[in-house]
Amino acid sequence: MTFTLATWNINSVRLREDLVLHLLQTEAPDVLCLQECKSPLDKIPLEGFSALGYRYMVGRGQKSYNGVAILSKLPIREVAAYDYASLGHARHIAGQLDNGVTIHNFYVPAGGDKPDREVNEKFGQKLDYLTAMRDAFHAEAPETSILVGDLNIAPREDDVWNHKQLLKVVSHTPIEVEHLGETQDAGRWVDVTRADIPEGQLYSWWSYRSPDWDSADKGRRLDHIWATPDIAGAAHSSRILRSARGWEKPSDHAPVFATFDL
DNA sequence: ATGGTGGTTTAACCA
């Protein structure tokens, strides 16, 4: 079978219901993983999604903040929902398709402004969250799995618009990149997007604070698709739908896609 | 060093 998966930080699924519907209609991924739904689960507008064939959802909700959900045309059953670092936040959901593939959907803490856990508690929480992810994947090696989400870290020099200028900016500091690398290694995760598109600048997020986001192009690749080695080779057609950042009342993130032939 | 823009919820928090 072949299926296409997308991941998108939607920044309020209720405010942007129409954008989700538009993406489902025009791109029709089999599975769409959302982050920052900013909604309790029972207030996510499922009717429209269901009418387009997305009859299955697993997720974790929370009022005002965070929130992750997986919308699927294919049957999916919940298999886990972790609260790493015990933050009490809705930042993870995992579901399994009938073909045996497990999909982890993460919203890693953004980490605040200052990259110093001594003066900024949120930065420490981000590092602790990544360490907990690492330890969990080390304890039980994932197989036949895909990990997606807003990981809030742009690891490579060509994942940001200016490597030198961002070395002290949260999302691209060496300690964050190191933590993310350890998490990736612990699960033997393959960065599917970069395996597919190894060269060149690649961004999935552009700040709202830059009105000329398109021409300035000061982006970062914060949104990722990883897979375990047993299925990573089945992935192809990776892409980032940059045009979605230019839609009316957009999310500040663009959707990232990959297709798997299994 | 600062402020720039958004969402949720209505003052303050988060990104």
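All values derive from a computational prediction rather than experimental measurement. The sequence lines fix the lettering, A, B, ..., with proteins before strands; numbering per chain opens at 1.
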Cluster link Leu21(A) to Leu15(A), ILVMFWY, side chain under 4.5 Å: no
With a cut-off of less than 4.0 Å, is there a side-chain N or O of Ser210(A) near OP1 or OP2 of dG4(B)? no
Phosphate OP1/OP2 of dC14(B): any Lys122(A) side-chain N/O under 4.0 Å: yes
Under the ring-ring contact (aromatic ring centres under 6.0 Å, His included) test, which residues partner Tyr84(A), sequence neighbours left out? Tyr82(A), Tyr129(A)
Rounded to whole angstrom units, what separation is found between the CH2 atom of Trp213(A) and the P atom of dA15(B)? 23 Å
Would you tell me if any nitrogen or oxygen in the side chain of Lys38(A) comes within less than 4.0 Å of OP1 or OP2 on dC14(B)? no
Please report the distance, rounded to the nearest Å, between CG in Asp223(A) and P in dA15(B). 15 Å
Is the gap between the ring centers of His253(A) and Trp8(A) under 6.0 Å? no
With a cut-off of less than 4.0 Å, is there a side-chain N or O of Arg209(A) near OP1 or OP2 of dA15(B)? no
Can you check the Trp205(A) CH2 to dC14(B) C1' distance for me, whole Å? 13 Å
Tell me whether the guanidinium CZ or amine NZ of Arg239(A) lies under 6.0 angstrom from the six-membered ring centre of Phe257(A) and within 45° of its axis. yes
Taking the six-membered ring for Trp, are the ring centroids of Trp189(A) and Phe137(A) within less than 6.0 Å of each other? yes
Just how far, in rounded Å, is P of dC14(B) from CG of Asn120(A)? 10 Å
Which is more 5' along DNA chain B, the nucleotide nearest His253(A) or the one nearest Ser64(A)? Just name the residue. Ser64(A)
Using distance alone, with no hydrogens and no angle criterion, decide if Asn105(A) and Gln35(A) have a side-chain donor and acceptor under 3.5 Å apart. yes
Among Lys168(A), Lys126(A), Arg220(A), find the residue that satisfies the salt bridge (Lys or Arg N to Asp or Glu O under 4.0 Å) test when tested with Glu176(A). Lys126(A)
Each stem that DNA chain B is part of, given as range with range (3 or more consecutive Watson-Crick or G-U pairs, under 3.5 Å): B:5-8 with B:12-15
Which is more 5' along DNA chain B, the nucleotide nearest Pro250(A) or the one nearest Ala110(A)? Just name the residue. Pro250(A)
Pick base, sugar-phosphate or nothing for Arg91(A), based on heavy-atom distances below 4.0 Å to the nucleic acid. sugar-phosphate
Without decimals, in angstroms, what is the distance between Asp113(A) CG and dT2(B) P? 12 Å
Whole-Å distance, Glu36(A) CD to dG6(B) P, equals 15 Å
Out of dT8(B), dA15(B), dT5(B), which nucleotide sits closest to the side chain of Tyr208(A)? dT5(B)
Between CG of Leu15(A) and C1' of dG7(B) the distance, given in whole Å, is 7 Å
Scan Arg16(A) against the nucleic acid and name what it touches under 4.0 Å (heavy atoms): base, sugar-phosphate only, or nothing. sugar-phosphate
